[in-house]
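The next block holds one structure in the form of structure tokens; read it before the comments.
So you know, we letter chains A, B, ... as the sequences are listed, proteins then strands, and number each from 1.
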2 protein chains.
Amino acid sequence: MTKVKGDDSLPWREMSRYDGPQSSPGFVLWHGFMRWQRHLNALLKPFGLTQPQFAVLATCGWLTRGGQEVTQQAMADFLDMDRMHISQIASRLERDGLLCRSPSVEDMRAKLVSLTPAGREKLAEVMPVAEAFDESFFAGAAPDRTSFRF
Amino acid sequence: MTKVKGDDSLPWREMSRYDGPQSSPGFVLWHGFMRWQRHLNALLKPFGLTQPQFAVLATCGWLTRGGQEVTQQAMADFLDMDRMHISQIASRLERDGLLCRSPSVEDMRAKLVSLTPAGREKLAEVMPVAEAFDESFFAGAAPDRTSFRF
DNA sequence: GCAATTTTGTAAATGCATTTATAAAAAGGA
DNA sequence: TCCTTTTTATAAATGCATTTACAAAATTGC
């Protein structure tokens, strides 16, 4: 059964193993992640934070919890993120007074990051909100949905 | 056991139910999604496409597969995305000659989207690459990892 | 028919994520 | 020591994702 002249339909089954985008696991991951991030961003907005800002703030708090010195590079390694990305987000958090960046004494290139008192307070305020959201978000999915492991 | 004066450690367990960011499901989702997108973007780069551009291109192909007329709004509804977002990505795909946007006759506000011949060819080229990547990515996770359903 | 509302799309702005290029400090090797 | 390489961070640029504001066409209600 070949296509006739003038048939402008796309031979989907010859191109894809899936019955449309909604059946593709990558597509579902993208869609699900955006849904999660959208909802969390909406919850964090009243606190003046975005989801990535909250993640970086929380990670900074975690890594410095015992008073350790932590460089931006150490944050990037821990998060498996680009140095530049951390720099970008940290500079906004510093602008907003939640995070402090000071040059290291041992390494003049490095910048040590730490929470400001306002940063600590914000984190304590926001953490229960974010964790309650995650609790409900990840508990709500029906068992017949696509599942992922990371 | 109260904190002594000068103790600058963060009372993490009082703030979070998790042992650090890596134990939080939301954090793991964010991290996993970025890893997936980063790898896929690297694979698509030689084809001049990003992951979202590929997704929109493929969705356009899917929705118009039988010759149907599809508006940008219909795309946004199908993808559960903002119509502005579709507009942004579609305009880049049009600029690159992969997608055609023409005003609808029935509704002068709406723009009908369809693949150009170059868009069809690109899609046929890229689809196996993206699907093979997804296959390996989602098959590779160990069973002791955090799992998600969407 | 006509005014009010809704729908469709775009412009501009903000922040996320990455890439490329650059500068400066540290580390390593002759 | 001096020179090369690596490491840490930033500036600028591109594209993703969303928000606000806006214009124009379609729909609704009278």
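In this structure, A:Met81 reaches neither bases nor backbone, as no heavy-atom distance under 4.0 Å exists between it and the strands shown.
Counting only heavy atoms from C-beta outward, the side chains of A:Gln51 and A:Trp36 approach each other to under 4.5 Å.
For B:Trp36, no side-chain nitrogen or oxygen approaches OP1 or OP2 of C:dA17 to under 4.0 Å. For C:dG15, the OP1/OP2 oxygens have a side-chain nitrogen or oxygen of A:Arg95 closer than 4.0 Å.
To the nearest 0.5 Å, atom CG of residue A:Leu115 and atom OG1 of residue A:Thr64 are 5.0 Å apart. To the nearest 0.5 Å, atoms OG (B:Ser24) and NE2 (B:His31) are separated by 12.5 Å.
Residues from residues 47-63 of chain B with heavy atoms under 4.0 angstrom of DNA chain D, sorted by number: B:Thr50, B:Pro52, B:Gln53.
In summary, B:Asp77 and B:Arg83 do not engage in a salt bridge, as defined by a charged side-chain N under 4.0 Å from a carboxylate O.
Not one N or O on the side chain of A:Asp96 forms a donor-acceptor pair closer than 3.5 Å with the backbone of A:Leu98. Distance alone, capped at 3.5 Å, places no donor-acceptor pair between the B:Trp30 side chain and the A:Phe33 backbone. Not one N or O on the side chain of B:Gln73 forms a donor-acceptor pair closer than 3.5 Å with the backbone of B:Thr71. In terms of modelled atom types and a separation under 3.5 Å, the side chain of B:Ser16 and the main chain of B:Arg13 share no donor-acceptor contact.
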Set out, in order, the CA-CA distance, both residues' side-chain angles and the distance that settles side-chain contact (heavy atoms from CB on, under 4.5 Å) for A:Gln72 and A:Ser91, then state yes or no. CA-CA 11 Å; A:Gln72 292 188 176; A:Ser91 79; over 6 Å; no
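Taking atom CE of B:Met84 as the reference point, atom C1' of D:dA21 lies 12 Å away to the nearest angstrom. Computed from coordinates, the B:Ile89 CD1 to D:dG15 P distance equals 12 Å when rounded to whole Å. Computed from coordinates, the B:His85 NE2 to C:dA13 P distance equals 19 Å when rounded to whole Å. Look at CD on B:Gln37: it is 15 Å from P on D:dG15, rounded to the nearest Å. Regarding A:His31, its NE2 atom lies at a distance of 12 Å from the P atom of D:dA17, rounded to whole Å. Atom CG of A:Leu44 and atom P of D:dT19 are 13 Å apart (whole Å). B:Glu94 places its CD atom 13 Å from the C1' atom of C:dT10, with the value rounded to the nearest Å. Between the CD atom of B:Gln88 and the C1' atom of C:dT10 there is a distance of 11 Å, rounded to whole Å.
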Classify every nucleotide of nucleotides 2-9 of chain D by which part a protein heavy atom approaches to under 4.0 Å, writing B for the base, S for the sugar-phosphate alone and - for neither, in 5'-to-3' order. -----BBB
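Here the nucleotide nearest the side chain of A:Arg38, chosen from D:dT18, D:dT20, D:dC16, is D:dT18.
Nearer to the 5' terminus of DNA chain C, by closest-nucleotide assignment, is the contact made by B:Ile86 (compared with the other of B:Ile86 and B:Ala42).
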